[in-house]
Amino acid sequence: MKRRNFIKNASLTGVALAVGNTLAHCATNSPKDNSSSAAVIDKKTKVPLPLVIATWDVRQSTQRAWEELKKNSSSLDAVEQGCKIAEADKKNQTVGNGGRPDRDGHVTLDACIINKNGNYGAVVDLEHITHAISVARKVMEDTPHCILAGKGAEKFALENGFKAENLLTEASKKEWEAWKTKSNYHPKINIENHDTIGILAMDNNGDISGACTTSGLAYKMAGRVGDSPIIGAGLFVDNEVGAAVATGLGEEVLKTVGSFLIVELMRQGKTPQEACEEAIGRIVNKPDSNYKNFQVGYIAMNKKGETGFYAIHKGFSMSKFNDDKNENLPSDYYVK
Ligand code: SD4
């Protein structure tokens with residue numbers, strides 16, 4: 001049986017075991033991802049390539065990723081460049097420079113990236129570096145590791161030419177100081193949780209990559225790591241099947257390994273939409289689920305270029321750039 005058919009037909013457990021060695025592994029000497037050919041239409045489905053989707057209304061990011069793809073760059077370059085737009089935007093208080101701090105006033109960033117070969121790089125709890133996503137890519141491409149954390153990640157970034165900056169803007173500092181007067185930790189639906197960017201792209205070769213970058217939840221405990229940099233939770237890519245990325249309360253995504261679940265459900269034949277809905281179902285149907293009080297949203301694409309997105313609550317959206325249109329689409333949701 002051809003590998004692709006085998007993967008499609010195998011059970012979830014069987015697949016995890018059988019292809020474990022071909023799924024994400026840390027790139028030791030992975031080649032730089034510079035694919036370039038111009039298969040502009042996926043002939044099987046007629047979905048025009050390239051294709052970019054992202055969590056929330058981040059159309060400047062999808063625009064940037066699209067420009068990259070139109071130059072025949074790889075999906076890996078596209079997702080990185082798309083994330084960098086959000087990271088550099090100081091007004092976006094959930095990503096990169098200008099992000100809201102933890103409860104001690106430190107802006108700490110989580111990011112990860114996965115390429116078409118399932119290679120993965122991540123940084124967690126990174127301070128003072130705006131472009132966490134590019135550091136994550138360097139971890140993937142230039143180290144024997146998958147994840148670098150905290151001071152080690154910062155040292156690695158500085159040694160590789162990244163600039164140290166103060167990421168706490170006056171606006172975020174003021175809000176944090178106001179928060180400290182009461183110190184109530186209640187991440188709010190679609191407010192503190194909005195705008196973490198997860199971005200998936202399929203390039204002109206039909207190859208998929210994904211990236212995800214965030215300052216995490218505002219006023220988290222020092223050292224808290226969310227789902228976003230954790231493979232299978234915040235992001236998962238299998239170039240034979242598709243990709244998924246999460247946003248919202250990371251603890252809930254971690255506990256259900258949401259993005260890996262969505263990709264495996266698509267492998268079993270679910271559409272991206274069905275798979276996203278089932279992953280939200282796994283969260284809300286837990287016996288002790290407190291889902292009325294938090295938001296989680298997923299977006300996904302499959303290898304045919306079909307896309308899906310779903311959330312627990314109203315207010316989530318997906319940006320989609322395809323067929324020369326850059327749109328922001330409101331998501332369907334569970335709590336009606
Ligand atoms: C986290 N999932 O750190 C991230 C936050 C997020 O939209 O996605 N906000 O839990």
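One-based numbering, in listed order, for ligands and for the atoms of each.
Shown are E87, H131, E80; of these, the side-chain hydrogen bond (donor to acceptor under 3.5 Å, both in side chains) with T213 is made only by E87.
T62 and K320 form no side-chain donor-acceptor contact under 3.5 Å, judged by distance and modelled atom types alone. For the residue pair T55/T247, the side-chain donor-acceptor check at 3.5 Å is not satisfied. S319 and W56 form no side-chain donor-acceptor contact under 3.5 Å, judged by distance and modelled atom types alone. Counted by atom type alone, E127 and T108 present zero donor-acceptor pairs between their side chains at under 3.5 Å. Remark: the E264 side chain and the Q268 side chain contain no N/O donor-acceptor pair separated by less than 3.5 Å.
When only interatomic distances are considered, the shortest N/O to N/O separation between G216 and ligand 1 does not fall below 3.5 Å. Backbone and side-chain nitrogen or oxygen atoms of T214 are examined, and none is located within less than 3.5 angstrom of a nitrogen or oxygen of ligand 1. Residue D110 has no N or O atom closer than 3.5 Å to an N or O atom of ligand 1.
Heavy atoms of D227 come nearer than 4.0 angstrom to ligand 1 in at least one pair. A heavy-atom separation below 4.0 Å is not found between E251 and ligand 1.
Atom numbering of ligand 1 starts at 1 in the shown order; those under 4.0 Å from a heavy atom of S228 are 2 (N), 4 (C). Which parts of ligand 1 touch T196 is read off a 4.0 Å heavy-atom cut-off, strictly below it: atoms 5 (C), 6 (C), 7 (O), 8 (O), 9 (N).
Closest to atom 5 (C) of ligand 1 by heavy atom, among G248, G297, P229, is G248.
Using a 4.0 Å cut-off between charged side-chain N and carboxylate O, D57 and R59 make a salt bridge.
When non-hydrogen atoms are compared, ligand 1 lies under 4.0 Å from neither the backbone nor the side chain of E252.
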